[in-house]
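Just the heavy atoms: all of them, side chains too, but no hydrogens, waters or symmetry mates, feed the values below. Predicted model only: the values in this text are computed from it and were never measured. Just follow the structure's listing: the first ligand is 1, and inside any ligand the first atom is 1.
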Amino acid sequence: MYRVLKREQIVPNIHLLVIETNNIHKNAKAGEFVVVRVDEEGERIPLNLVDWDEKSVSVIFMEVGTSTRKLGALKEGDVIETLAGPLGRPTEMIEDKSIICIGGCYGIGALYPVIRAFKQNRNRVITAVEGRSSFLLYWQKKLQEYSDELYEITRDGTKGYEGHINVFLEEYMKDHKVDLIYCQGCTYLTFFVSQITKSMGVKTIVGLNPIMIDATGMCGVCRVIINGETKFACVDGPEFDGHAVDWPNLLARRHTYHSQEQKSLSFYECERYG
Ligand code: FES
């Protein structure tokens, strides 16, 4: 059992969860994830590590189904059944380069350890956070700590650049040389960024964490075709070259378990509220 030190809704539907553990920090590296299970009946949920120290690890998650709804109801002092990790392959580090790091939704938090590691390796870090509106952006101050430049992009124009991430990328790339683009967020964002940067000819690494289900390497749901070869995001990733991903194949399977998730959630809500 693992004790919850903090659970806080940072923006609507997105929560920070800090869990007590004195082990994971010893091996934790940027880009890795942990698996949590809220209770005995809960499913395994792989979540990006967004921070860690000798007493705890922090993760950020979005409420989408029954288990994440239960996680979102936790209070300080509650316990969760399982915490396992760190898992996955860490972000491949480069040095002395110029890198644009893009994050949306839960991916904004996932950027934090990665930009910290990029900065510690003497890279120039340009961070761009994006969302539908300014109230969905968070952690700008924290991200600024390890960013040489920080940009905000909102589709409704309430802050920073107005529009989608392409508006920022096209504008920024006109006058700057960039060696790498790194992106964390929903599959639509990672797909979209990969399409834009392919035409710009800039290497792009994307986190495919959202396609994982149990992170056991056995269910096969996280399979992804990379340069014609089948890989598993939870074992071979979760980060891949965005230009090598077979996106039509991946996007076609995006909502495979959507109806089961919705059924489970309505059952849970009926039991909870009668
Ligand atoms: Fe099940 Fe990777 S998430 S095999």
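Protein-derived N/O/S atoms nearer than 2.8 Å to atom 1 (Fe) of ligand 1 total 2, waters excluded.
Each of E8, K6, E63 was scored for a side-chain hydrogen bond (donor to acceptor under 3.5 Å, both in side chains) with H15, with one residue passing: E63.
Every pair passing salt bridge (charged side-chain N to carboxylate O under 4.0 Å, His left out) that includes a residue from residues 73-85 is listed here, sequence neighbours excluded: K75-D78. Among pairs with a residue in residues 218-231, those fulfilling side-chain hydrogen bond (donor to acceptor under 3.5 Å, both in side chains) read E229-K231, at least two apart in sequence or across chains.
C234 pairs by the side chain to side chain contact (heavy atoms under 4.5 Å, CB included) definition with F33, M212, A215, C222, not counting sequence neighbours.
The two residues T216 and R44 make their nearest non-hydrogen contact at CG2-NE, 3.6 Å. Minimum interatomic distance between T190 and G207 (heavy atoms only, all atoms of both residues): CG2-O, 3.8 Å.
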